[in-house]
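Just below is one structure, and these are the notes that go with it.
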2 protein chains.
Amino acid sequence: MSTINDVARLAQVSKATVSRVLSGSRGVKEASRQAVLRAAETLNYKPNAIARSLTSQTTHCIGVICATEHVQQSTGYLQALEKQLSQHRKHLLLRFASDAPAVLRAVEELSSGLCDALLVVGARFALPPLHEDVIFIDCLSAPDAQSVACDRQFAAQTAVEYLSRHKRRDIALINFPGGDAARETLQGYREAAENQLIPFNRQRVIEGESEPRIALQKLINSRVKFTALLVTDDSQAQEAITLLRDYQISVPEQVVVFSLDGSTRLPGQSAIPAIGYSLEGIARKAVALVLGQDDEHNRVRGTLLCD
Amino acid sequence: MSTINDVARLAQVSKATVSRVLSGSRGVKEASRQAVLRAAETLNYKPNAIARSLTSQTTHCIGVICATEHVQQSTGYLQALEKQLSQHRKHLLLRFASDAPAVLRAVEELSSGLCDALLVVGARFALPPLHEDVIFIDCLSAPDAQSVACDRQFAAQTAVEYLSRHKRRDIALINFPGGDAARETLQGYREAAENQLIPFNRQRVIEGESEPRIALQKLINSRVKFTALLVTDDSQAQEAITLLRDYQISVPEQVVVFSLDGSTRLPGQSAIPAIGYSLEGIARKAVALVLGQDDEHNRVRGTLLCD
DNA sequence: CTGTTAGCGCATTCAG
DNA sequence: CTGAATGCGCTAACAG
């Protein structure tokens, strides 16, 4: 690769002039300008990004740590994020991490000046507080100012409203294992139920169980009646449906399964009703946050999805 | 962030000593060594990756340009690649590109010293020759030395063999639109057919058609008989099946659809017979190539998949 | 308008 | 064993 020195020599000017032409570009005699441009062209010169970063103290790299267990979910986010980032001329440094320690390691390794900021996506487990410029997307619980999250309360409300309109008033909920997400979901669920005059039955709510199959078994073992089942996402929905059928419970006839997050499904892929979030919208907000252009409103609301 | 200077000052030694301790680490008095280590610890010092890159002329970043149209396919590759790369302490810079110009742009933007090498994955379209250190994975056609590709001839052979064992001897093929991939596939197809004493009927082979639906319509319009259909990948298979059913042709009873690349499907997802490739194996080879440890054998063979 | 100088943070000489 | 000096490629401040 040719350097700025080569260009300067060929163009018979100083490095500074070359730099000016290729960056600031104002206040340069047209002749020199042309000479530089021509020299750069013939040498196929590209300013070295690393050297640039060293001076500017910014790499234009954003680290993205994908913590989603189910890869199919991450891919949509990745695409949306990459699109937003490249629109802002930022690069996306990718890392997968399937549990908290792995996320920590990834954060460590990316915190050596290589990235301007970090993004953690879809961590469904508890994360220790991360001091750096880390933004959380769709994670279980995170400081509000540094994260963009789904409005889970709104989602649960919508779901209950939808189900009760479909005459499914005995609604079970397999909630997130914990965190703010679980709290908000439960709140939305209770609130909407109250509005619908549906009596609250604690047995219908399973919490603190990270294994969905076990959660469902608990529910069935309790012999509480339910004609609808709220689960946190599509993969949980799939598992639930399989298990329900194993129990000879027909879906959706006997039990309607409703996914509280169906954003990552392909269009027309499934007939499971769900709340869908705009990945593009989420990515846009996240990138805005990362770039320090807070739009002060990091809660995203989803729309009802059902074919 | 603290710099090497801060550490040197705190440890009462020179920058050079600090550097020695934290890198080469030999030929340093134990006392200084401890002092440096302690200082680095209290300052939470991490050598700046950018400054390091500037001197070492290597960034440890590998650019990955995902050219797969169907995102579901890219995600498996991404995960496999990231795993291999991080094992080699390399970073993965992600970029999506859906057509040739976009790939070109991505290559341009990543060729400014930020990446040590580039990887293009799954380009199903013609690519102009790329001069840089670009390695191609699963692309339509690329110089053999710079690419890891599926052994398509072997795949087609295997498919034809499998189908004829299942008494499906009238095998149609919707081939790749062009490139070496198409050539090899056709060759494998013909060779196996010959071995099985299946007469070759050019009408059964559709080539040069990038739109799978149109390709299939061509085939059907020609009224040639076929009891099996070879397509290049799972998404094509899905489209084909839908269309066949629109034509009242039952799958797999009347026509068995066989996917020549089913690597990116989830286990047990589909009952379509296919050739599957080990993404991990492909990623391993690709990373070896990128790191200059050629293993001299960049062809990957797939295994028969059918439940 | 332009060249010289300094410095980003680090590793690597080369002397002591 | 260790410190001072040099340079990686570039930009910015400062003189001319």
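Numbers restart at 1 for each chain; the letters A, B, ... are given by sequence-line order, proteins then strands. Every heavy atom of this structure was used, including side-chain atoms; hydrogens, water molecules and symmetry mates were not. In this text the structure is predicted, and so the values were computed from the model without any measurement.
- Nearest-nucleotide positions on DNA chain D place B:S32 closer to the 5' end than the other of B:S32 and B:A51.
- Residues A:R299 and A:E184 are paired through a salt bridge, judged by an N-O separation under 4.0 Å between the basic side chain and the carboxylate.
- Bending across the helix from C:dC1-D:dG16 to C:dG16-D:dC1, expressed as the angle between its end axes from five pairs apiece, amounts to 50° (10° rounding).
- Remark: A:K90 does not engage A:E82 in a salt bridge, criterion side-chain N to carboxylate O under 4.0 Å.
- In this structure, B:E30 places its CD atom 10 Å from P of D:dT2, rounding to the nearest Å.
- Between B:S53 and C:dC10 there is no side-chain polar atom (N or O) within less than 4.0 angstrom of OP1 or OP2.
- With rounding to whole Å, B:N48 atom CG is found 18 Å from C:dG7 atom P.
- Among residues two or more places apart in sequence or in another chain, the salt bridge (Lys or Arg N to Asp or Glu O under 4.0 Å) test is passed with A:D138 by A:R124, A:R152.
- Rounding to whole angstrom units, CD1 of residue A:I4 and P of C:dA6 are separated by 18 Å.
- In this structure, A:I50 atom CD1 and C:dC10 atom P are separated by 14 Å, rounded to whole Å.
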Throw together a table of side-chain donor-acceptor distances under 3.5 angstrom for residues 10-23 of chain B, partners on residues two or more places apart or in other chains.
unit_1, atom_1, unit_2, atom_2, d
B:S14, OG, B:A16, N, 3.4
B:S23, OG, B:S19, O, 3.1

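- Rounded to an integer number of Å, the gap from CZ of A:R33 to P of C:dT2 is 11 Å.
- Atom NZ of B:K46 sits in a crowded spot, with more than 12 heavy atoms from other residues, nucleotides or ligands closer than 6.0 Å.
- Of the two residues contacting DNA chain C, namely A:V13 and B:L54, the nearest-nucleotide position lying further toward the 5' end is that of A:V13.
- Nucleotide C:dG9 holds its P atom 14 Å from the CG atom of B:L43, rounded to whole Å.
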Between protein and nucleic acid, restricted to nucleotides 12-16 of chain D and to nitrogen or oxygen atoms under 3.5 Å apart, what atom pairs and distances do you find?
none

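- Sparse packing is recorded around CD of A:E41, with 12 or fewer heavy atoms of other residues, nucleotides or ligands lying under 6.0 Å away.
- Between B:L291 and B:H88, the closest side-chain pair of non-hydrogen atoms falls below 4.5 Å.
- Between D:dG9 and B:Q57, a contact under 4.0 Å exists linking OP1 or OP2 to a side-chain N or O.
- Not counting sequence neighbours, A:S98 has no partner by the side-chain contact (heavy atoms from CB on, under 4.5 Å) test.
- Shown here are the salt bridge (Lys or Arg N to Asp or Glu O under 4.0 Å) partners of A:K29, two or more places apart in sequence or in another chain: there are none.
- Whole-Å rounding puts the B:Q12 CD to D:dG3 P distance at 10 Å.
- Separating the CG atom of B:L22 from the C1' atom of D:dT2 is a distance of 16 Å, rounded to the nearest angstrom.
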